[in-house]
K.L.:
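Got a structure for you, questions after.
A note on names: the letters A, B, ... follow the listed sequences, proteins ahead of strands, and every chain is numbered from 1.
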Number of protein chains: 2
Amino acid sequence: MIGGWEDIRAEVLRRIRVRDWPPGDLIPTEEALAIEFGCARATVNRALRELAEAGVLERRRKAGTRVAMLPIRKATLDIPVIRQEIEARGQTHAFRLLQQHEGPPPVPVASRLGLPATARLIYLETLHLADGQPFVLETRWLNPAVLPAPLPDFAALSANEWLVTHIAYATGDIAFSAQTATAHEATIMGLSPHAALFITERTTWTAEAPITFVRLAHAPGYRVQTMV
Amino acid sequence: MIGGWEDIRAEVLRRIRVRDWPPGDLIPTEEALAIEFGCARATVNRALRELAEAGVLERRRKAGTRVAMLPIRKATLDIPVIRQEIEARGQTHAFRLLQQHEGPPPVPVASRLGLPATARLIYLETLHLADGQPFVLETRWLNPAVLPAPLPDFAALSANEWLVTHIAYATGDIAFSAQTATAHEATIMGLSPHAALFITERTTWTAEAPITFVRLAHAPGYRVQTMV
DNA sequence: GAGTGGTCTAGACCACCTC
DNA sequence: AGGTGGTCTAGACCACTCT
(Lines give C-alpha, C1' and ligand atoms only; values in the text may rest on other atoms or scores of the structure.)
Protein backbone atom coordinates (compact mmCIF):
# COMPACT_ATOMS: atom_id res chain seq x y z
CA MET A 1 0.00 0.00 0.00
CA ILE A 2 1.51 3.29 -1.09
CA GLY A 3 0.35 6.14 1.07
CA GLY A 4 2.08 9.47 1.51
CA TRP A 5 5.03 11.15 -0.11
CA GLU A 6 7.50 9.27 2.07
CA ASP A 7 6.25 5.96 0.68
CA ILE A 8 6.63 7.31 -2.82
CA ARG A 9 10.16 8.50 -2.08
CA ALA A 10 11.01 5.05 -0.70
CA GLU A 11 9.52 3.28 -3.72
CA VAL A 12 11.40 5.49 -6.19
CA LEU A 13 14.62 4.97 -4.25
CA ARG A 14 13.99 1.22 -4.27
CA ARG A 15 13.61 1.17 -8.04
CA ILE A 16 16.85 3.10 -8.36
CA ARG A 17 18.70 0.75 -6.04
CA VAL A 18 17.56 -2.41 -7.80
CA ARG A 19 18.61 -0.72 -11.05
CA ASP A 20 15.08 -0.72 -12.36
CA TRP A 21 16.00 2.88 -13.13
CA PRO A 22 19.79 2.87 -13.56
CA PRO A 23 21.99 5.97 -13.30
CA GLY A 24 21.40 8.35 -16.18
CA ASP A 25 17.97 6.94 -16.87
CA LEU A 26 14.96 9.14 -17.50
CA ILE A 27 12.17 8.25 -15.10
CA PRO A 28 8.43 8.78 -15.73
CA THR A 29 6.95 12.25 -15.42
CA GLU A 30 5.27 13.44 -12.25
CA GLU A 31 1.90 13.07 -13.90
CA ALA A 32 2.55 9.48 -14.95
CA LEU A 33 3.76 8.55 -11.48
CA ALA A 34 0.77 10.27 -9.90
CA ILE A 35 -1.52 8.10 -11.99
CA GLU A 36 0.46 4.95 -11.20
CA PHE A 37 0.47 5.63 -7.46
CA GLY A 38 -3.07 6.96 -7.44
CA CYS A 39 -2.25 10.28 -5.81
CA ALA A 40 -2.04 13.95 -6.69
CA ARG A 41 0.88 15.27 -8.70
CA ALA A 42 1.87 17.54 -5.80
CA THR A 43 2.53 14.46 -3.69
CA VAL A 44 4.83 12.96 -6.31
CA ASN A 45 6.49 16.36 -6.66
CA ARG A 46 7.26 16.45 -2.94
CA ALA A 47 8.87 13.01 -3.06
CA LEU A 48 10.96 13.69 -6.18
CA ARG A 49 12.00 17.11 -4.91
CA GLU A 50 13.43 15.60 -1.73
CA LEU A 51 15.38 13.04 -3.74
CA ALA A 52 16.70 15.79 -6.00
CA GLU A 53 17.85 17.80 -2.98
CA ALA A 54 19.64 14.71 -1.73
CA GLY A 55 21.51 14.48 -5.03
CA VAL A 56 19.84 11.25 -6.16
CA LEU A 57 17.82 12.79 -8.99
CA GLU A 58 18.47 15.61 -11.44
CA ARG A 59 15.44 17.55 -12.56
CA ARG A 60 15.06 20.04 -15.39
CA ARG A 61 11.94 21.51 -16.87
CA LYS A 62 10.97 19.95 -20.14
CA ALA A 63 13.96 17.61 -20.01
CA GLY A 64 12.40 15.54 -17.24
CA THR A 65 13.85 13.75 -14.23
CA ARG A 66 16.99 11.60 -14.43
CA VAL A 67 18.80 9.36 -11.98
CA ALA A 68 22.05 11.20 -11.19
CA MET A 69 25.10 9.74 -12.93
CA LEU A 70 27.66 10.76 -10.33
CA PRO A 71 25.88 10.79 -7.03
CA ILE A 72 27.44 13.64 -5.08
CA ARG A 73 26.48 12.64 -1.60
CA LYS A 74 25.18 15.45 0.52
CA ALA A 75 26.27 14.88 4.09
CA THR A 76 24.59 17.01 6.72
CA LEU A 77 26.49 17.89 9.85
CA ASP A 78 25.24 19.48 13.04
CA ILE A 79 27.45 22.29 14.33
CA PRO A 80 26.42 22.85 17.94
CA VAL A 81 27.64 25.34 20.49
CA ILE A 82 30.71 23.97 22.28
CA ARG A 83 29.07 23.82 25.68
CA GLN A 84 26.13 21.93 24.20
CA GLU A 85 28.45 19.51 22.44
CA ILE A 86 30.36 18.71 25.63
CA GLU A 87 27.24 18.36 27.73
CA ALA A 88 25.72 16.05 25.14
CA ARG A 89 28.59 13.68 25.93
CA GLY A 90 27.63 13.73 29.57
CA GLN A 91 30.66 15.79 30.51
CA THR A 92 30.86 19.12 32.28
CA HIS A 93 31.93 22.18 30.38
CA ALA A 94 34.30 24.86 31.62
CA PHE A 95 36.48 27.38 29.86
CA ARG A 96 39.38 29.70 30.51
CA LEU A 97 39.99 32.99 28.72
CA LEU A 98 43.71 32.91 27.97
CA GLN A 99 44.17 36.13 26.04
CA GLN A 100 42.19 39.20 25.07
CA HIS A 101 43.48 42.24 23.25
CA GLU A 102 42.62 44.61 20.44
CA GLY A 103 44.65 45.27 17.35
CA PRO A 104 45.14 44.55 13.66
CA PRO A 105 44.56 40.92 12.62
CA PRO A 106 47.06 38.69 10.84
CA VAL A 107 46.87 39.07 7.08
CA PRO A 108 45.14 35.70 6.41
CA VAL A 109 42.41 36.55 8.92
CA ALA A 110 41.93 40.03 7.48
CA SER A 111 41.63 38.69 3.96
CA ARG A 112 39.11 36.06 4.98
CA LEU A 113 36.98 38.71 6.60
CA GLY A 114 37.46 41.06 3.68
CA LEU A 115 38.84 43.76 5.93
CA PRO A 116 41.98 45.88 5.54
CA ALA A 117 44.95 44.64 7.55
CA THR A 118 44.77 47.89 9.49
CA ALA A 119 41.32 47.15 10.93
CA ARG A 120 41.18 46.95 14.69
CA LEU A 121 39.67 43.67 15.85
CA ILE A 122 39.26 42.04 19.24
CA TYR A 123 41.31 38.89 19.66
CA LEU A 124 40.15 36.21 22.09
CA GLU A 125 41.87 32.96 22.95
CA THR A 126 39.73 30.56 24.94
CA LEU A 127 40.42 27.01 26.09
CA HIS A 128 37.34 24.85 26.52
CA LEU A 129 37.52 21.93 28.95
CA ALA A 130 35.46 18.75 29.13
CA ASP A 131 35.55 17.27 32.62
CA GLY A 132 38.63 19.39 33.21
CA GLN A 133 40.53 18.06 30.20
CA PRO A 134 41.42 20.29 27.24
CA PHE A 135 38.78 19.78 24.58
CA VAL A 136 39.17 22.56 22.07
CA LEU A 137 41.22 25.74 21.74
CA GLU A 138 39.17 28.61 20.33
CA THR A 139 40.98 31.53 18.71
CA ARG A 140 38.63 34.24 17.57
CA TRP A 141 38.71 37.66 15.98
CA LEU A 142 35.68 39.85 16.51
CA ASN A 143 34.71 42.93 14.53
CA PRO A 144 33.61 45.42 17.23
CA ALA A 145 32.18 47.78 14.61
CA VAL A 146 29.16 45.54 14.05
CA LEU A 147 28.66 44.15 17.54
CA PRO A 148 25.96 45.38 19.92
CA ALA A 149 27.47 47.33 22.82
CA PRO A 150 28.28 46.80 25.57
CA LEU A 151 30.46 43.77 25.11
CA PRO A 152 30.30 41.32 28.01
CA ASP A 153 33.15 40.08 30.18
CA PHE A 154 34.39 37.24 28.00
CA ALA A 155 36.15 35.69 30.99
CA ALA A 156 32.72 35.07 32.52
CA LEU A 157 30.68 34.39 29.37
CA SER A 158 32.22 32.45 26.49
CA ALA A 159 32.28 34.36 23.22
CA ASN A 160 31.08 31.19 21.58
CA GLU A 161 27.91 31.36 23.63
CA TRP A 162 27.41 35.12 23.70
CA LEU A 163 27.42 35.30 19.91
CA VAL A 164 24.69 32.69 19.66
CA THR A 165 22.24 34.76 21.62
CA HIS A 166 23.23 38.12 20.16
CA ILE A 167 24.14 37.46 16.53
CA ALA A 168 22.07 34.38 15.86
CA TYR A 169 21.22 33.33 12.35
CA ALA A 170 23.85 35.14 10.40
CA THR A 171 25.36 33.55 7.31
CA GLY A 172 28.86 32.19 6.94
CA ASP A 173 31.00 29.36 5.80
CA ILE A 174 32.73 26.47 7.54
CA ALA A 175 35.89 24.58 6.62
CA PHE A 176 37.47 21.47 8.13
CA SER A 177 41.10 20.44 7.91
CA ALA A 178 43.88 18.69 9.80
CA GLN A 179 46.93 20.50 11.11
CA THR A 180 49.93 19.64 13.22
CA ALA A 181 49.81 21.27 16.64
CA THR A 182 52.09 24.25 17.07
CA ALA A 183 54.40 24.37 20.08
CA HIS A 184 52.05 26.93 21.63
CA GLU A 185 49.02 24.69 21.12
CA ALA A 186 50.80 21.60 22.37
CA THR A 187 51.80 23.41 25.56
CA ILE A 188 48.38 24.90 26.24
CA MET A 189 46.48 21.68 25.55
CA GLY A 190 49.05 19.37 27.13
CA LEU A 191 49.74 17.43 23.95
CA SER A 192 52.80 15.74 22.61
CA PRO A 193 54.52 17.80 19.90
CA HIS A 194 53.32 17.06 16.37
CA ALA A 195 49.89 15.93 17.56
CA ALA A 196 47.32 15.99 14.74
CA LEU A 197 44.53 18.47 15.44
CA PHE A 198 41.14 18.59 13.80
CA ILE A 199 40.57 22.20 12.76
CA THR A 200 37.22 23.91 12.24
CA GLU A 201 37.29 27.42 10.78
CA ARG A 202 34.20 29.55 10.54
CA THR A 203 33.62 32.98 9.07
CA THR A 204 30.37 34.75 9.96
CA TRP A 205 28.74 37.68 8.22
CA THR A 206 25.73 39.91 8.56
CA ALA A 207 24.14 41.19 5.39
CA GLU A 208 27.04 43.54 4.72
CA ALA A 209 29.80 43.36 7.31
CA PRO A 210 31.99 40.55 8.66
CA ILE A 211 31.31 39.67 12.29
CA THR A 212 33.85 37.11 13.35
CA PHE A 213 36.40 34.54 12.30
CA VAL A 214 36.98 31.62 14.61
CA ARG A 215 39.41 28.74 14.52
CA LEU A 216 38.68 25.70 16.68
CA ALA A 217 41.58 23.31 17.29
CA HIS A 218 40.12 20.07 18.60
CA ALA A 219 42.12 17.73 20.81
CA PRO A 220 43.20 14.40 19.26
CA GLY A 221 40.43 11.82 19.11
CA TYR A 222 37.80 14.32 18.05
CA ARG A 223 35.42 13.08 15.35
CA VAL A 224 32.68 14.69 13.32
CA GLN A 225 30.08 12.17 12.34
CA THR A 226 27.00 12.09 10.16
CA MET A 227 24.35 9.77 8.83
CA VAL A 228 23.60 9.69 5.13
CA MET B 1 5.93 43.02 -2.62
CA ILE B 2 5.87 39.56 -1.13
CA GLY B 3 5.49 36.86 -3.77
CA GLY B 4 6.38 33.21 -3.38
CA TRP B 5 7.53 31.03 -0.53
CA GLU B 6 11.14 32.19 -0.89
CA ASP B 7 10.11 35.76 -0.20
CA ILE B 8 8.19 34.61 2.85
CA ARG B 9 11.19 32.64 4.07
CA ALA B 10 13.40 35.71 3.60
CA GLU B 11 10.94 37.97 5.42
CA VAL B 12 10.64 35.57 8.38
CA LEU B 13 14.42 35.23 8.55
CA ARG B 14 14.73 39.03 8.45
CA ARG B 15 12.37 39.42 11.39
CA ILE B 16 14.40 36.85 13.32
CA ARG B 17 17.68 38.59 12.53
CA VAL B 18 16.50 42.03 13.58
CA ARG B 19 15.20 40.36 16.77
CA ASP B 20 11.63 41.24 15.93
CA TRP B 21 11.16 37.59 16.84
CA PRO B 22 13.99 36.80 19.27
CA PRO B 23 15.23 33.29 20.07
CA GLY B 24 12.65 31.29 22.00
CA ASP B 25 9.81 33.47 20.78
CA LEU B 26 6.56 32.03 19.53
CA ILE B 27 5.80 33.33 16.06
CA PRO B 28 2.31 33.67 14.53
CA THR B 29 0.52 30.59 13.24
CA GLU B 30 0.62 29.57 9.60
CA GLU B 31 -2.93 30.78 9.17
CA ALA B 32 -2.18 34.20 10.63
CA LEU B 33 0.87 34.63 8.44
CA ALA B 34 -1.06 33.48 5.38
CA ILE B 35 -3.59 36.24 6.03
CA GLU B 36 -0.85 38.83 6.63
CA PHE B 37 1.04 37.90 3.48
CA GLY B 38 -2.12 37.38 1.44
CA CYS B 39 -1.30 33.86 0.34
CA ALA B 40 -2.39 30.27 0.96
CA ARG B 41 -1.41 28.48 4.14
CA ALA B 42 0.49 25.88 2.09
CA THR B 43 2.84 28.61 0.89
CA VAL B 44 3.60 29.73 4.43
CA ASN B 45 4.03 26.09 5.39
CA ARG B 46 6.65 25.59 2.71
CA ALA B 47 8.65 28.60 3.92
CA LEU B 48 8.49 27.69 7.60
CA ARG B 49 9.26 24.05 6.90
CA GLU B 50 12.48 24.99 5.12
CA LEU B 51 13.54 27.19 8.02
CA ALA B 52 12.76 24.38 10.46
CA GLU B 53 14.89 21.96 8.44
CA ALA B 54 17.73 24.48 8.56
CA GLY B 55 17.48 24.51 12.35
CA VAL B 56 16.23 28.09 12.59
CA LEU B 57 12.70 27.25 13.76
CA GLU B 58 11.29 24.55 15.99
CA ARG B 59 7.80 23.40 15.15
CA ARG B 60 5.42 21.25 17.14
CA ARG B 61 1.76 20.58 16.59
CA LYS B 62 -0.45 22.49 18.93
CA ALA B 63 2.55 24.16 20.58
CA GLY B 64 3.24 26.32 17.53
CA THR B 65 6.43 27.55 15.92
CA ARG B 66 9.33 28.99 17.93
CA VAL B 67 12.62 30.59 17.02
CA ALA B 68 15.26 28.03 18.02
CA MET B 69 17.09 28.91 21.24
CA LEU B 70 20.34 27.13 20.43
CA PRO B 71 20.69 27.24 16.69
CA ILE B 72 22.39 23.98 15.77
CA ARG B 73 23.77 24.90 12.41
CA LYS B 74 23.24 22.30 9.74
CA ALA B 75 26.21 22.31 7.43
CA THR B 76 25.82 20.44 4.17
CA LEU B 77 28.87 18.92 2.57
CA ASP B 78 29.27 17.45 -0.88
CA ILE B 79 31.09 14.12 -0.94
CA PRO B 80 32.11 13.58 -4.55
CA VAL B 81 33.92 10.70 -6.18
CA ILE B 82 37.69 11.21 -5.87
CA ARG B 83 38.29 11.50 -9.60
CA GLN B 84 35.55 14.10 -9.84
CA GLU B 85 36.99 16.03 -6.91
CA ILE B 86 40.45 16.16 -8.46
CA GLU B 87 39.19 17.09 -11.91
CA ALA B 88 37.06 19.85 -10.41
CA ARG B 89 40.35 21.44 -9.30
CA GLY B 90 41.58 21.38 -12.87
CA GLN B 91 44.07 18.61 -12.12
CA THR B 92 44.44 15.23 -13.74
CA HIS B 93 43.54 12.12 -11.81
CA ALA B 94 45.53 8.90 -11.74
CA PHE B 95 45.74 6.05 -9.26
CA ARG B 96 47.90 3.09 -8.40
CA LEU B 97 46.64 -0.13 -6.83
CA LEU B 98 49.23 -0.85 -4.14
CA GLN B 99 47.80 -3.96 -2.53
CA GLN B 100 44.97 -6.42 -3.05
CA HIS B 101 44.33 -9.56 -1.06
CA GLU B 102 41.54 -11.47 0.61
CA GLY B 103 41.29 -12.41 4.25
CA PRO B 104 39.83 -11.58 7.64
CA PRO B 105 39.63 -7.88 8.47
CA PRO B 106 41.16 -6.19 11.50
CA VAL B 107 38.84 -6.27 14.49
CA PRO B 108 37.88 -2.56 14.35
CA VAL B 109 36.87 -2.90 10.72
CA ALA B 110 34.89 -6.07 11.36
CA SER B 111 33.02 -4.48 14.24
CA ARG B 112 32.18 -1.39 12.21
CA LEU B 113 30.74 -3.56 9.48
CA GLY B 114 28.96 -5.77 12.00
CA LEU B 115 30.70 -8.87 10.67
CA PRO B 116 32.51 -11.64 12.55
CA ALA B 117 36.29 -11.26 12.60
CA THR B 118 36.47 -14.51 10.64
CA ALA B 119 34.67 -13.06 7.60
CA ARG B 120 36.69 -13.05 4.41
CA LEU B 121 36.87 -9.59 2.88
CA ILE B 122 38.77 -8.12 -0.03
CA TYR B 123 41.37 -5.56 0.99
CA LEU B 124 42.38 -2.86 -1.46
CA GLU B 125 44.98 -0.16 -0.98
CA THR B 126 44.91 2.54 -3.64
CA LEU B 127 46.89 5.74 -3.94
CA HIS B 128 45.17 8.53 -5.84
CA LEU B 129 47.31 11.16 -7.53
CA ALA B 130 46.47 14.72 -8.56
CA ASP B 131 48.82 15.91 -11.31
CA GLY B 132 51.11 13.09 -10.27
CA GLN B 133 51.29 14.17 -6.62
CA PRO B 134 49.87 11.96 -3.83
CA PHE B 135 46.39 13.24 -3.05
CA VAL B 136 44.68 10.61 -0.95
CA LEU B 137 45.43 7.09 0.22
CA GLU B 138 42.36 4.86 0.04
CA THR B 139 42.26 1.72 2.17
CA ARG B 140 39.12 -0.29 1.61
CA TRP B 141 37.53 -3.55 2.72
CA LEU B 142 34.90 -4.99 0.43
CA ASN B 143 32.32 -7.63 1.32
CA PRO B 144 32.36 -9.96 -1.73
CA ALA B 145 29.23 -11.76 -0.53
CA VAL B 146 27.01 -8.83 -1.53
CA LEU B 147 28.84 -7.59 -4.62
CA PRO B 148 27.70 -8.28 -8.16
CA ALA B 149 30.03 -10.72 -9.92
CA PRO B 150 32.33 -10.56 -11.71
CA LEU B 151 34.53 -8.12 -9.89
CA PRO B 152 36.56 -5.88 -12.20
CA ASP B 153 40.33 -5.50 -12.33
CA PHE B 154 40.78 -2.90 -9.62
CA ALA B 155 44.19 -2.01 -11.02
CA ALA B 156 42.44 -0.71 -14.13
CA LEU B 157 39.22 0.64 -12.59
CA SER B 158 39.30 2.35 -9.21
CA ALA B 159 37.12 0.69 -6.58
CA ASN B 160 35.97 4.16 -5.63
CA GLU B 161 34.53 4.60 -9.09
CA TRP B 162 33.30 1.06 -9.71
CA LEU B 163 31.18 1.13 -6.57
CA VAL B 164 29.47 4.33 -7.64
CA THR B 165 28.11 2.79 -10.79
CA HIS B 166 27.31 -0.61 -9.31
CA ILE B 167 26.20 0.02 -5.73
CA ALA B 168 24.94 3.57 -6.05
CA TYR B 169 22.53 5.03 -3.57
CA ALA B 170 23.15 2.76 -0.62
CA THR B 171 23.00 4.13 2.91
CA GLY B 172 25.90 4.66 5.24
CA ASP B 173 27.64 6.99 7.59
CA ILE B 174 30.63 9.27 7.30
CA ALA B 175 33.09 10.44 9.95
CA PHE B 176 35.89 12.99 9.79
CA SER B 177 38.90 13.18 12.05
CA ALA B 178 42.57 14.12 12.15
CA GLN B 179 45.34 11.56 12.60
CA THR B 180 49.10 11.56 12.57
CA ALA B 181 50.54 9.79 9.54
CA THR B 182 51.91 6.33 10.22
CA ALA B 183 55.40 5.49 8.97
CA HIS B 184 53.78 3.45 6.21
CA GLU B 185 51.57 6.34 5.12
CA ALA B 186 54.41 8.86 5.29
CA THR B 187 56.54 6.66 3.05
CA ILE B 188 53.86 5.97 0.49
CA MET B 189 52.67 9.56 0.26
CA GLY B 190 56.13 11.11 0.51
CA LEU B 191 55.37 13.05 3.69
CA SER B 192 57.47 14.08 6.62
CA PRO B 193 56.89 11.87 9.67
CA HIS B 194 54.15 13.12 12.01
CA ALA B 195 52.31 14.90 9.20
CA ALA B 196 48.68 15.62 10.11
CA LEU B 197 46.27 13.78 7.82
CA PHE B 198 42.61 14.57 7.30
CA ILE B 199 40.75 11.26 7.59
CA THR B 200 37.41 10.41 6.06
CA GLU B 201 35.86 7.08 7.06
CA ARG B 202 32.75 5.74 5.39
CA THR B 203 30.71 2.64 6.02
CA THR B 204 28.20 1.62 3.37
CA TRP B 205 25.25 -0.75 3.72
CA THR B 206 22.53 -2.23 1.60
CA ALA B 207 19.21 -2.93 3.26
CA GLU B 208 20.64 -5.83 5.21
CA ALA B 209 24.32 -6.45 4.60
CA PRO B 210 27.45 -4.32 4.90
CA ILE B 211 29.11 -3.54 1.57
CA THR B 212 32.31 -1.71 2.28
CA PHE B 213 34.36 0.26 4.77
CA VAL B 214 36.76 2.82 3.37
CA ARG B 215 39.32 5.06 5.01
CA LEU B 216 40.62 8.02 3.04
CA ALA B 217 43.82 9.64 4.30
CA HIS B 218 44.11 13.03 2.64
CA ALA B 219 47.46 14.71 2.09
CA PRO B 220 48.23 17.80 4.21
CA GLY B 221 46.52 20.93 2.99
CA TYR B 222 43.25 19.18 2.24
CA ARG B 223 40.13 21.11 3.25
CA VAL B 224 36.45 20.31 3.31
CA GLN B 225 34.39 23.43 2.86
CA THR B 226 30.75 24.38 2.97
CA MET B 227 28.45 27.35 2.77
CA VAL B 228 25.79 27.85 5.43
C1' DG C 1 -11.11 19.04 23.95
C1' DA C 2 -9.18 22.07 20.98
C1' DG C 3 -5.50 24.35 18.52
C1' DT C 4 -1.65 23.72 15.67
C1' DG C 5 1.19 21.84 12.15
C1' DG C 6 1.50 17.86 8.44
C1' DT C 7 -0.26 16.35 4.52
C1' DC C 8 -3.19 15.52 0.58
C1' DT C 9 -6.26 16.97 -3.38
C1' DA C 10 -7.76 18.81 -7.88
C1' DG C 11 -6.98 22.29 -10.48
C1' DA C 12 -4.50 26.08 -12.38
C1' DC C 13 -0.90 29.10 -14.26
C1' DC C 14 3.71 29.89 -15.27
C1' DA C 15 8.93 29.52 -16.19
C1' DC C 16 11.94 27.18 -18.40
C1' DC C 17 13.89 24.43 -21.65
C1' DT C 18 14.35 21.10 -25.24
C1' DC C 19 12.69 20.02 -29.62
C1' DA D 1 5.78 25.32 -29.81
C1' DG D 2 4.93 22.26 -26.62
C1' DG D 3 6.17 19.37 -22.68
C1' DT D 4 7.95 19.33 -18.13
C1' DG D 5 8.75 20.70 -13.54
C1' DG D 6 7.85 24.70 -10.01
C1' DT D 7 4.63 26.83 -7.60
C1' DC D 8 0.26 28.53 -5.87
C1' DT D 9 -4.69 28.03 -4.29
C1' DA D 10 -8.74 26.83 -1.44
C1' DG D 11 -10.25 23.45 0.93
C1' DA D 12 -10.11 19.34 3.61
C1' DC D 13 -8.85 15.76 6.93
C1' DC D 14 -5.71 13.98 10.10
C1' DA D 15 -1.92 13.52 13.83
C1' DC D 16 -0.15 15.25 17.52
C1' DT D 17 0.12 17.34 21.87
C1' DC D 18 -0.77 20.88 25.08
C1' DT D 19 -4.21 22.34 28.42
Side-chain angles (χ1 to χ4, degrees), chain A residues 1-13 15-16 20-69 71-72 74 76 169, chain B residues 1-13 15-16 20-69 71-72 74 76 169:
Chain A
M1 177 61 189
I2 289 190
W5 67 268
E6 289 181 301
D7 290 328
I8 294 176
R9 180 183 59 181
E11 170 62 13
V12 171
L13 196 52
R15 294 184 187 183
I16 291 170
D20 223 357
W21 294 335
D25 213 38
L26 200 58
I27 76 172
T29 65
E30 291 187 350
E31 196 180 354
L33 289 173
I35 294 171
E36 178 190 345
F37 294 140
C39 66
R41 183 167 80 90
T43 307
V44 175
N45 177 275
R46 173 74 185 273
L48 298 188
R49 178 160 44 79
E50 300 259 338
L51 288 171
E53 281 168 8
V56 173
L57 296 176
E58 288 172 358
R59 320 196 72 196
R60 284 203 315 276
R61 289 166 151 110
K62 166 71 176 177
T65 300
R66 289 182 183 281
V67 181
M69 292 285 274
I72 296 183
K74 316 279 190 191
T76 305
Y169 311 114
Chain B
M1 179 60 191
I2 288 191
W5 66 268
E6 290 182 300
D7 290 328
I8 294 177
R9 179 182 60 180
E11 170 62 13
V12 170
L13 195 52
R15 293 184 187 183
I16 291 171
D20 223 358
W21 294 335
D25 213 39
L26 199 59
I27 75 172
T29 66
E30 290 186 351
E31 195 180 354
L33 289 173
I35 293 171
E36 179 190 345
F37 294 140
C39 66
R41 183 166 80 90
T43 307
V44 175
N45 178 275
R46 173 75 184 272
L48 298 188
R49 177 160 44 81
E50 300 259 337
L51 288 171
E53 281 169 8
V56 173
L57 296 176
E58 288 172 358
R59 319 195 72 194
R60 284 206 316 278
R61 291 166 152 108
K62 166 71 177 178
T65 300
R66 290 181 182 281
V67 181
M69 292 285 275
I72 295 183
K74 317 278 189 190
T76 305
Y169 310 113

K.L.:
For A:A54, what residues pass the side chain to side chain contact (heavy atoms under 4.5 Å, CB included) criterion, not counting sequence neighbours?
P.N.:
A:V56
K.L.:
Under the side chain to side chain contact (heavy atoms under 4.5 Å, CB included) rule, collect the residues that match up with B:A52, sequence neighbours excluded.
P.N.:
B:L57, B:R59
K.L.:
Pairing of DNA chain D as dot-bracket, 5' to 3': ( ) intra-strand, [ ] crossing, | other strand, . unpaired, with Watson-Crick or G-U pairs under 3.5 Å?
P.N.:
||||||||||||||||||.
K.L.:
How would you list, by chain and number, every residue that makes a salt bridge (charged side-chain N to carboxylate O under 4.0 Å, His left out) with A:E36, sequence neighbours excluded?
P.N.:
A:R15
K.L.:
Can I get a per-line list of side-chain donor-acceptor pairs under 3.5 Å for residues 42-49 of chain A, giving both atom names and the distance, sequence neighbours left out?
P.N.:
residue : atom : partner : partner atom : Å
A:N45   : ND2  : A:E30   : OE2          : 2.7
A:R46   : NE   : A:E50   : OE2          : 3.2

K.L.:
Out of curiosity, A:L13 CG to A:I8 CD1, how far, rounded to the nearest 0.5 Å?
P.N.:
13.5 Å
K.L.:
Output the distance between atom CD (B:E58) and atom OG1 (B:T65), rounded to the nearest 0.5 Å.
P.N.:
10.0 Å
K.L.:
How does protein contact run along nucleotides 3-10 of chain C, one letter per nucleotide 5' to 3', with B for base contact, S for sugar-phosphate only, - for none, heavy atoms under 4.0 Å?
P.N.:
BBBBBSB-
K.L.:
With a sphere of 6.0 Å drawn around CD of B:E31, does it hold more than 12 non-hydrogen atoms of other residues, nucleotides or ligands?
P.N.:
no
K.L.:
C:dC17 P sits how many Å from A:E58 CD, rounded?
P.N.:
14 Å
K.L.:
State the CD1-CG distance between A:I16 and A:D20, to the nearest 0.5 angstrom.
P.N.:
10.0 Å
